[in-house]
Amino acid sequence: MEKKLHLLESFTAKGSDGAIYKVCGYEHLVRDESLVGEDLWEPTGQAEYRLDTGQRVEVTHDGVMRIATTGVELHRQH
């Protein structure tokens, strides 16, 4: 099964360390293999967030965002 990421949004966030980060939100897509010769992709319902550097951002059920490798908490800027 072929998969890819589709950029949904990007935004700036301020970290608990005082730094400003760019966060990108992606949805997971899979190729619809039932349509031969077509290049159609379907969303899986799974999403993920990463910094523009590629570091993974964890999002808790209550919406708190943290950089996975450092634990720095991120707050979306408006």
Side-chain angles (χ1 to χ4, degrees):
M1 180 180 302
E2 203 173 340
K3 297 180 183 179
K4 71 177 182 178
L5 295 176
H6 173 72
L7 179 65
L8 291 175
E9 64 174 334
S10 65
F11 55 90
T12 57
K14 185 170 185 178
S16 57
D17 61 355
I20 301 296
Y21 297 90
K22 182 177 179 183
V23 179
C24 301
Y26 300 93
E27 71 177 334
H28 289 239
L29 302 176
V30 293
R31 184 185 295 277
D32 185 344
E33 296 173 359
S34 67
L35 301 170
V36 178
E38 299 288 328
D39 190 27
L40 296 177
W41 295 84
E42 296 289 328
T44 65
Q46 185 179 11
E48 70 179 63
Y49 287 87
R50 294 186 176 270
L51 298 180
D52 61 346
T53 60
Q55 290 177 281
R56 194 168 53 85
V57 174
E58 297 171 338
V59 182
T60 64
H61 66 279
D62 57 352
V64 176
M65 295 182 293
R66 285 189 183 83
I67 301 172
T69 55
T70 64
V72 170
E73 192 168 311
L74 301 172
H75 299 278
R76 189 177 192 137
Q77 300 292 289
H78 299 287

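Excluded from the calculations below are hydrogen atoms, water molecules and symmetry mates; all remaining heavy atoms, backbone and side chain alike, are included. Each residue takes its place number in the sequence, starting with 1.
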I need the Glu27 CD to Thr44 OG1 distance, nearest 0.5 Å. 7.5 Å
Would you give the length of the straight line joining atom CZ of Phe11 to atom CE of Met65, rounded to the nearest 0.5 angstrom? 4.0 Å
Test item: Arg50 and Val57 side chains (from C-beta on) under 4.5 Å apart, heavy atoms: no
Pairwise distance NE2(His75) to OG1(Thr12) - rounded to 0.5 angstrom: 13.0 Å
Qualifying salt bridge (charged side-chain N to carboxylate O under 4.0 Å, His left out) pairs with a residue from residues 53-65, counting only residues at least two apart or across chains: Arg56-Glu58
Check: His28 and Leu5 side chains under 4.5 Å, non-hydrogen atoms: yes
Check whether any side-chain heavy atom of His6 lies under 4.5 Å from a side-chain heavy atom of Trp41, and answer yes or no. no
Indicate the atoms forming the closest heavy-atom contact of Leu7 with Cys24, along with that distance. CD1-CB, 3.8 Å
Taking atom types as modelled, find out whether Glu9 and Tyr49 have a side-chain donor-acceptor pair closer than 3.5 angstrom. yes
Side chains of Val64 and Val59: closer than 4.5 Å at any heavy-atom pair? no
Remaining members of the apolar cluster that contains Leu8, side-chain heavy atoms under 4.5 Å: none
List for me each residue that meets salt bridge (charged side-chain N to carboxylate O under 4.0 Å, His left out) alongside Glu42, sequence neighbours excluded, and say none if there are none. none
At what distance, to the nearest 0.5 angstrom, does CG of Leu74 lie from NZ of Lys14? 12.0 Å
Backbone N or O of Glu73 within a donor-acceptor pair of the Ser16 side chain at under 3.5 Å? yes
